[in-house]
Amino acid sequence: MFELHHLAAQELWDWIRRGEVTALEVTDHYLDRIARLDPDLGAFVTVTAEAARDRADHLGHRVPTSRPLWGLPSGDKDLYDRAGVPTRNGTTSLPDRAAAADHPLVAALDAAGAVSLGKTASPEFGMSSSSETRFGTTRNPYDPTRAPGGSSSGAAVAVAAGLLPAAVGSDGGGSVRIPAAATGLVGLKPSRGRVPSMPGRSGVGGLSVAGPLTRNVADAGMLLDALVAPTGLPEPHPYALVTPEVGDGPFTAAAVRGEGRFVVGLLDGSPWDDTVDVVVDPAARAAVETALRVLGEVGHGVEEVAMPRAPYADAFRVAWESSAARLPMVPGIDLSALTPLVAWLVARGRRLTGTQVLDAMTALDTFSAELIGAFDRFDAVLTPTLALTPRPLGWYGDDPEEDFRRQCAYSPWTSMANVAGLPAITLPVGVTGGDHPDGGGLPMGVQLIGRPGGERVLLAIGAQLERRLRWQRRHPSRW
């Protein structure tokens, strides 16, 4: 039986635009699904049903074509403030009080016409790819004994389970791509500076950027257009770096057309190989083989490219630790209530000297130049998104150093794109077979890393793969 959540985000927007359904009817449909299904999934930490219905009703029946998300339900990742709603940051270490003002990312989604249904779950301060917090556990809808990854855990689960048509997460080391890959979604990390509402050099190293989590490639293009120009007009860039423009027209157009023949590099190695035992599951290799087969059928050239051997792991760890070192300055924080991983990162970060941090930033800049140089002859570079299948709940354990090591071993190819500021997309090309030790039907994705400003190429290749593999028809059992 057909239901509204069966529609892709673009289709749903078009239904609202044509008057087939109202924004309020769409909002009610998704709120009902959240009420019925989310207690077993934990995608939302706060549901703002009354405010959502009021906003949807206020939007009315007329859809301004300049507002790319008009009437579409969305969620705010619970690291970003929405006025009047508590921002819990996945922690019990902060006072439970409502935010005073909207974060620029939240304001941008509102300007695009979206209807927030609440706050989606994130691990503590977004500093982990775990989905287990002091507020509860966020579960993978394909197997509730497994984690969806993080840090945009709740956003990914909400989209995969049909609790939202699409969502926006943030990605500082893989936090959009990791949960997208683990839950069978498309996840796009834009170039550094592409999204005006996320400052281009925010945090140490300017690692984090907002990006879409969607069920298909066209919806990822649609959300990226909305993030770049929420009102349909060119946006000022008061906070962001301006990334190079590669290609013409809206991102949605590139994602829908799916045109072009490109040269794709197949990466050998990862930046963590010298410090972490990276074991690649056969299912991850099979996903890459699937992508290579289809790329060949389409007519793309594929060549191998070696991972640059510039030092990386120690410098990235310093960047991550130094970002945690600022947490004691957050007003009202109770450091004794932090999870073991974050407490460990804070302690290590506070022992760092300014010279150590500056040396790490210099090393990461050197790594970035070498990576961009090595990848320059390719339109995109292919890797697995994750080395392993979606992890069992509890896999990260309680030892913080082992937790960090396992995070790096699980997603050894994601953080380098953040460091270099490159766009990257994960595509859900496959699932595990019935003979896999972890069970059949678990999503497995591949990652494409593009040139600076090269999102349109990534979307075009993604659309070509999607037409042949039809992953948009794949859903968890309770869909």
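Of all heavy-atom pairs spanning Pro384 and Trp413, the tightest one is O-CE3, 3.4 Å. For the pair Ile178 and Ser129, the tightest heavy-atom approach, listed with the atom from each and the gap, is CD1-CB, 4.2 Å. Nearest heavy atom pair, residue Ser208 against residue Tyr80, reads OG-OH, 4.2 Å. Nearest heavy atom pair, residue Pro328 against residue Val346, reads CG-CG1, 3.8 Å. Contact record, Thr183 with Pro148: CG2-CB, 3.7 Å, taken as the closest heavy-atom pair. Of all the heavy atoms in Val217 and Trp471, the pair that sits closest is CG2-CZ2, 3.9 Å.
Between atom CD of residue Glu20 and atom CG of residue Leu4 there is a gap of 10.5 Å, rounded to the nearest 0.5 Å. How far CG of Leu345 is from CG of Leu327: 9.0 Å, rounded to the nearest 0.5 Å. Here the CG atom belonging to Leu94 is positioned 9.5 Å from the OG1 atom belonging to Thr87, to the nearest 0.5 angstrom. Separation of atoms NE2 (His103) and CG (Leu79) is listed at 9.5 Å; rounding is to 0.5 Å. Here CZ of Arg406 is found 13.0 Å from CG of Leu341. Values are rounded to the nearest 0.5 Å. For the atom pair CG (Leu295) and CG (Leu382), the distance works out to 6.5 Å, reported to the nearest 0.5 Å.
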Side chain to side chain contact (heavy atoms under 4.5 Å, CB included) between Asp28 and Glu25, worked out = CA-CA 5 Å; Asp28 280 335; Glu25 289 170 333; 5.8 Å; no
Trace of the side chain to side chain contact (heavy atoms under 4.5 Å, CB included) decision for Phe44 with Leu164 = CA-CA 11 Å; Phe44 284 83; Leu164 289 175; 4.1 Å; yes
Decide side-chain hydrogen bond (donor to acceptor under 3.5 Å, both in side chains) for Thr133 and Glu124; before the verdict, give the C-alpha distance in whole Å, the side-chain angles of both, and the deciding distance to 0.1 Å.
-> CA-CA 7 Å; Thr133 76; Glu124 191 166 55; over 6 Å; no
Take Leu72 and Val26, measure what side chain to side chain contact (heavy atoms under 4.5 Å, CB included) needs, and give me the verdict at the end.
-> CA-CA 8 Å; Leu72 290 182; Val26 172; 5.7 Å; no
Please walk me through it: do Ser116 and Asp76 pass side-chain hydrogen bond (donor to acceptor under 3.5 Å, both in side chains)?
-> CA-CA 7 Å; Ser116 174; Asp76 305 315; 2.9 Å; yes
Candidate pair Thr48 and Arg82, rule side-chain hydrogen bond (donor to acceptor under 3.5 Å, both in side chains), full reasoning = CA-CA 11 Å; Thr48 53; Arg82 176 173 289 279; over 6 Å; no
Ser323 and Met127: CA distance, side-chain angles, deciding distance, side chain to side chain contact (heavy atoms under 4.5 Å, CB included) verdict = CA-CA 9 Å; Ser323 65; Met127 303 203 73; 3.5 Å; yes
Any chance you could lay out the side-chain hydrogen bond (donor to acceptor under 3.5 Å, both in side chains) test for Ser175 and Ser151, step after step, and finish with the verdict?
-> CA-CA 5 Å; Ser175 290; Ser151 66; 2.9 Å; yes
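Remark: side-chain polar atoms of Arg194 are not paired, donor with acceptor, to backbone N or O of Leu224 under 3.5 angstrom. A donor-acceptor distance shorter than 3.5 angstrom exists from the side chain of Arg177 to the backbone of Thr414, with no hydrogens or angles considered. Between the Ser152 side chain and the Gly169 main chain, no donor and acceptor come within less than 3.5 Å of each other. Formation of a donor-acceptor pair under 3.5 Å by the Lys119 side chain with backbone atoms of Asn89 is not found in this model. A side-chain donor-acceptor contact under 3.5 Å links Thr432 to the backbone of Gly439. Between the side chain of Arg146 and the backbone N or O of Pro390, at least one donor-acceptor pair lies under 3.5 Å. Distance alone, capped at 3.5 Å, is enough to place a donor-acceptor pair between the Asp171 side chain and the Val176 backbone. No donor-acceptor pair closer than 3.5 Å links the side chain of Arg53 to the backbone N or O of Leu24. A donor-acceptor pair under 3.5 Å is formed between the side chain of Arg67 and the backbone N or O of Ala111. A donor-acceptor pair under 3.5 Å is formed between the side chain of Asp102 and the backbone N or O of Ala83.
Residues Asp81 and Val106 fail the side-chain proximity criterion, which asks for heavy atoms closer than 4.5 Å. Taking the side chain as every heavy atom from C-beta outward, Lys189 and Pro423 never approach each other to under 4.5 Å. Side chains of Arg474 and Pro428 form a contact here, defined as non-hydrogen atoms less than 4.5 Å apart. You'll find the side chain of Leu422 stays beyond 4.5 Å of the side chain of Arg451, heavy atoms only. A 4.5 Å side-chain heavy-atom check between Asp57 and Thr27 finds every atom pair outside the cut-off. Put simply, the side chain of Leu69 reaches to within 4.5 Å of the side chain of Met222, judged on heavy atoms. No side-chain heavy atom of Val186 sits under 4.5 Å from any side-chain heavy atom of Leu213. Side-chain atoms of Thr137 and Leu393, non-hydrogen and from C-beta on, do get closer than 4.5 Å to each other.
Side chains of Asp14 and Gln10: no donor on one and acceptor on the other come within 3.5 Å. With no hydrogens or angles considered, no side-chain donor-acceptor pair links Ser93 and Arg134 at under 3.5 Å. A donor atom on one side chain and an acceptor atom on the other are not found under 3.5 Å apart for Ser477 and Tyr142. No side-chain N or O of Lys77 forms a donor-acceptor pair with one of Thr120 less than 3.5 Å apart. Side chains of Thr426 and Gln447: a donor-acceptor N/O pair is absent below 3.5 angstrom, by distance only. Checking Asp438 against Thr389 by side-chain atom types alone, a donor-acceptor pair falls below 3.5 Å. Checking Ser122 against Asp78 by side-chain atom types alone, no donor-acceptor pair falls below 3.5 Å. Between the side chains of Gln464 and His300, at least one donor N or O sits under 3.5 Å from an acceptor N or O. Under 3.5 Å, the side chains of Asp143 and Thr145 contain a donor-acceptor pair of N or O atoms.
Arg468 has no carboxylate O lying under 4.0 Å from a charged side-chain N of Glu297, or vice versa, which leaves the two without a salt bridge. Under the 4.0 Å criterion applied to side-chain N and carboxylate O atoms, Arg139 and Asp40 are not assigned as salt-bridge partners. Classification of Asp219 and Arg215 as a salt-bridged pair fails, no side-chain N sitting under 4.0 Å from a carboxylate O. Ion pairing between a basic and an acidic side chain is recognised when a charged N comes within 4.0 Å of a carboxylate O; Arg33 and Asp38 show no such pairing.
Geometrically, Arg391 engages Trp395 in a cation-pi contact defined by less than 6.0 Å to the ring centre and at most 45° from the axis.
Ring orientation note: the planes of His29 and His5 are close to parallel, at an angle under 30° on the 30°/60° scale.
For Phe2 and Trp15, the ring centers sit closer than 6.0 Å to each other.
For Glu3, the CD atom sits in a packed shell: over 12 heavy atoms of surrounding residues, nucleotides or ligands are nearer than 6.0 Å.
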